Protein chains: 4
Amino acid sequence: MDLLPEPPARHGRAAATRQRILDAALAEFAANGLSGARVDEIAARSGANKRMLYAYFGSKEELWMVVLERAYAAKRAEERALAVNNLPPVEAMTALVRFNLRYVARHPEFVALLNAENLHRAAYLARSESVRALYSPLLEVLRDVLRRGVEAGQFRADADPVQCYLTIVSLGHFYVANMHTLSTIFGVDLGSEAALAAREQHCVQVVLGYLRPA
Amino acid sequence: MDLLPEPPARHGRAAATRQRILDAALAEFAANGLSGARVDEIAARSGANKRMLYAYFGSKEELWMVVLERAYAAKRAEERALAVNNLPPVEAMTALVRFNLRYVARHPEFVALLNAENLHRAAYLARSESVRALYSPLLEVLRDVLRRGVEAGQFRADADPVQCYLTIVSLGHFYVANMHTLSTIFGVDLGSEAALAAREQHCVQVVLGYLRPA
Amino acid sequence: MDLLPEPPARHGRAAATRQRILDAALAEFAANGLSGARVDEIAARSGANKRMLYAYFGSKEELWMVVLERAYAAKRAEERALAVNNLPPVEAMTALVRFNLRYVARHPEFVALLNAENLHRAAYLARSESVRALYSPLLEVLRDVLRRGVEAGQFRADADPVQCYLTIVSLGHFYVANMHTLSTIFGVDLGSEAALAAREQHCVQVVLGYLRPA
Amino acid sequence: MDLLPEPPARHGRAAATRQRILDAALAEFAANGLSGARVDEIAARSGANKRMLYAYFGSKEELWMVVLERAYAAKRAEERALAVNNLPPVEAMTALVRFNLRYVARHPEFVALLNAENLHRAAYLARSESVRALYSPLLEVLRDVLRRGVEAGQFRADADPVQCYLTIVSLGHFYVANMHTLSTIFGVDLGSEAALAAREQHCVQVVLGYLRPA
DNA sequence: CATGAATGAGTTTTCATTCAT
DNA sequence: GATGAATGAAAACTCATTCAT
């Protein structure tokens, strides 16, 4: 976390600089979007020379893409680590819903990044092979959980995995994205643990309530 | 309350210019966010002179605020016109869910605008009295529908109006915001009427499923 | 020639600024080439704001192209004004040779510009329709003079117009292009009127000597 | 006289690196001029480390000078090898004209380099003792050929050696310098052997035609 | 009420050169 | 003798805003 850890062995130095730039870029892009972000600021925050940023990433836009892909990959990595396949259907679904809310609450920059990207009609993400590749395994997991729940008589049979996926993600994403607006309007701090816990419980009830067989 | 009191409709020509600027600004801001939007472009699209834009609105940021407030007000106006108080609870709730999805699908610029605003941590919305004022009546309506549903034995008793509000809005908002990314990733056009109808049905089932008493 | 002639009538102002930029750009490009020229310097010399340069010409490269085309057109315009068709063959040829030497001597920036352009393998000129269009009439004139000379028994019959054209232009062009190097090496000022007159006489003798029938 | 005395051939490996840098620099400078050339590119093309370039040559400008001087020296070396003193006047003159055209056609980078240098008003060449030293023997040769031709009654008596020198060089230089522009404009490939042969014949005829006594 | 031209401060990008190993 | 990483100054280009008419 130090800006300059003890002089790293000749070779890891470039990688370290690259990483510091990526960290700084993530923060700056999440805070200001693509057009609002300042290359100078990213360089300053990262403790690197601006020239290095261009040497490693080519341009502001290419840096944006790399940051975006890494943010996606990071979320998917944690998601995978949940290993919900090993859980019974209801617990698995609960875990997924909770994870999604908690993850974005812990990483509001992920939400900010995605929303900023949506402004450009997904110009970058849509082009990214690696991001597309991250979706399919996730959907497979969900499909499996739903199937097992139906077989166990715990879930309704007509639930579509894609719709479920969208719903689970929506519930957390919107909450985090609009946290500031909503906190002001409702006069409560939606970022507090109490508020998060309440939202978490609600989200789980919504998803399980929907899946509950008639 | 407004920063700029309605300009006295001197000629009507002035009002028309003002309106054209607002329309162009809405499109440009929705497409590019606050920092990404170009004043030149707004002026060009509106067919008005740039100087007029400054005469009417003072600055890019003030124009942003006006556009934002109007977008909010427009949605609330349609919402009010639904008059769900006159409908039985289940129909009322169904109408609200449908309306929210359909409205944002019809007005993706509303979603884009909100997401862009969120980047600034709601810097402008939070300051707007008028926007805050729009929320309470809506929440009152929802509270009333929930109460009537509980009384009729059709809704669970422990549903929180604020959580329900967030959930209803989330379901449509996220769908529209990420339409391009998701369409690419899932290989379907989420903007098609078929896709929208499917999403609509799912959203209604989710909300009603959740509200259904145990 | 003034940087700011009396405030021009509202409309001609833009044209005047545009012209001042072109003049400054011609000087700067001729002195330093495309990559060596400084946009800041052009703006400063022209007394215009740098932004205007971009508003009128789009980019440094586009400005380069316009400057190049205008330099070509200017030379062709003077060439046309010679009206050599009205002169007897030997006088016509003499006029062409003299004009070519004197023109480039008076406009060394024309030569500098062309040589700079050649560095890019004529990347811009080759694409320019207007420049290509300027060549054919010139060649027609030369063809006509040669034909008349042959008919009058004053010129050899096997002279190729394109080769002649290249030779006439070469003789002046190289002299001007290398004036500084050669002046230093030979220890004389090749730009002096005496030197120019001597070169002029030599060039005429070379061309007429070549054309003289066996 | 040189800025950098020949580096003592310690290993030969050093000399090889130095040579590769010079070759790469020649190509890069010829293609882009002094300001357009990129040090990174030279280093990359030469396969050497950038640091080496600075160790051997001090700076981009010093490298430029060395490249320039070597280009000049190379041409003079071949010129000397012609040994026209041993040929009768007409053959000698023909050989000189042909050689000059063929040399620049074979070494267009020589022309490009000179033209680029001219942009700086011969700032570097003028300073170079070694280049100046290369001119006088050449002029002596030409003077000798002319004298012998006059004595043999084959050349006019009033031809100036300097003017003749300039003319001979002009005829080839301009052709090569503007090859791309002219090829496009005239719609023929001036670099083809057929075109070169035609130009060669024309140049010889021009020079001999001029020298032919009245 | 309206307009075309202008501006200055900022932003991204580039490049010759040097440092640490 | 050689290398990869770093740097600071400068260059191209952009943009919200204002002036003169």
Side-chain angles (χ1 to χ4, degrees), chain A residues 7-18 35-43 47-61 63, chain B residues 7 10-11 13-14 16-18 35-43 47-61 63, chain C residues 7-18 35-43 47-61 63, chain D residues 7 10-11 13-14 16-18 35-43 47-61 63:
Chain A
R10 171 118 173 275
H11 190 62
R13 198 143 142 236
T17 300
R18 206 184 124 96
S35 48
R38 295 293 160 246
V39 167
D40 274 314
E41 183 63 21
I42 294 173
N49 186 283
K50 218 188 330 179
R51 190 60 187 75
M52 286 292 94
L53 190 154
Y54 284 93
Y56 289 138
F57 301 99
S59 74
K60 191 188 181 185
E61 296 210 346
L63 177 55
Chain B
R10 259 164 298 219
H11 262 61
R13 191 171 157 207
T17 300
R18 201 183 127 96
S35 48
R38 297 294 161 241
V39 168
D40 275 306
E41 183 62 22
I42 294 174
N49 187 280
K50 234 190 313 182
R51 194 67 190 76
M52 289 293 92
L53 190 155
Y54 282 92
Y56 287 137
F57 301 100
S59 76
K60 190 189 180 185
E61 296 210 345
L63 178 54
Chain C
R10 171 117 175 276
H11 189 61
R13 205 149 134 230
T17 300
R18 206 184 123 95
S35 47
R38 296 292 161 246
V39 167
D40 274 312
E41 183 63 21
I42 295 173
N49 187 283
K50 213 190 333 178
R51 190 63 187 73
M52 286 292 92
L53 192 155
Y54 284 94
Y56 289 138
F57 300 100
S59 74
K60 190 189 182 184
E61 296 211 345
L63 178 54
Chain D
R10 261 164 296 220
H11 263 61
R13 189 168 158 212
T17 300
R18 202 184 125 96
S35 47
R38 298 293 162 243
V39 169
D40 275 306
E41 183 62 21
I42 294 173
N49 187 277
K50 235 189 313 182
R51 194 67 189 75
M52 287 296 91
L53 189 156
Y54 282 93
Y56 286 137
F57 301 98
S59 75
K60 190 189 180 184
E61 296 210 345
L63 178 54

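For the numbers below, each heavy atom of this structure counts, side chains included, while hydrogens, waters and symmetry mates do not. Bear in mind the structure is a predicted one, so any value in this text is a computation, not a measurement. Order of the sequence lines sets the chain letters (A, B, ...), proteins ahead of strands, with each chain counted from 1.
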Indicate whether OP1 or OP2 belonging to [N] is found under 4.0 Å from a side-chain N or O atom of [X].
X	N	value
D/Y54	E/dT17	yes
A/T17	F/dA5	no
C/R38	F/dA11	yes

5' precedence on DNA chain F between B/E61 and A/A48 (nearest-nucleotide basis):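 Result of the comparison: A/A48.
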For atom [atom1] of [X] and atom [atom2] of [N], their distance in whole Å:
X	N	atom1	atom2	value
D/I42	E/dT17	CD1	C1'	13 Å
D/R18	F/dG1	CZ	P	12 Å
B/R51	E/dT7	CZ	C1'	14 Å
A/L53	F/dA5	CG	C1'	15 Å
A/K60	F/dC13	NZ	C1'	13 Å
A/R13	E/dT21	CZ	C1'	9 Å
A/F57	E/dT13	CZ	P	14 Å
A/E41	E/dG10	CD	P	14 Å

Residues forming a side chain to side chain donor-acceptor pair (under 3.5 Å) with B/K60, sequence neighbours excluded: none
Sugar-phosphate only, base, or nothing, as touched by C/V39 at under 4.0 Å among non-hydrogen atoms: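 Sugar-phosphate only.
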Sugar-phosphate only, base, or nothing, as touched by A/A43 at under 4.0 Å among non-hydrogen atoms: nothing
DNA chain E: 5'-proximal contact among B/M52 and A/G58 (nearest heavy atom): B/M52
5′-ward residue of the pair C/Y56/A/S59 relative to DNA chain E: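 Checking each residue's closest nucleotide, the 5'-ward one belongs to C/Y56.
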Non-neighbouring partners of C/E61 that pass salt bridge (Lys or Arg N to Asp or Glu O under 4.0 Å), sequence neighbours left out: none
Watson-Crick and G-U pairing of DNA chain F, under 3.5 Å, as dot-bracket with | and [ ]: .||||||||||||||||||||
Sequence-distant partners of A/N49, side chain to side chain contact (heavy atoms under 4.5 Å, CB included), two or more places apart: A/R51, A/M52
For C/S35, all residues meeting side chain to side chain contact (heavy atoms under 4.5 Å, CB included), sequence neighbours excluded: D/S35
Look at the side chain of [X] against the base of [N] and say whether a donor-acceptor pair falls under 3.5 Å; ignore hydrogens and angles.
X	N	answer
D/K50	E/dT17	yes
A/D40	E/dG10	no
D/N49	F/dG1	no

Exercise: identify the closest heavy-atom pair between B/R18 and B/Y56: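 Closest approach of B/R18 to B/Y56, heavy atoms only: N-CE1, 4.1 Å.
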Beyond-backbone contact of B/V39 with B/L63, side-chain heavy atoms, under 4.5 angstrom: no
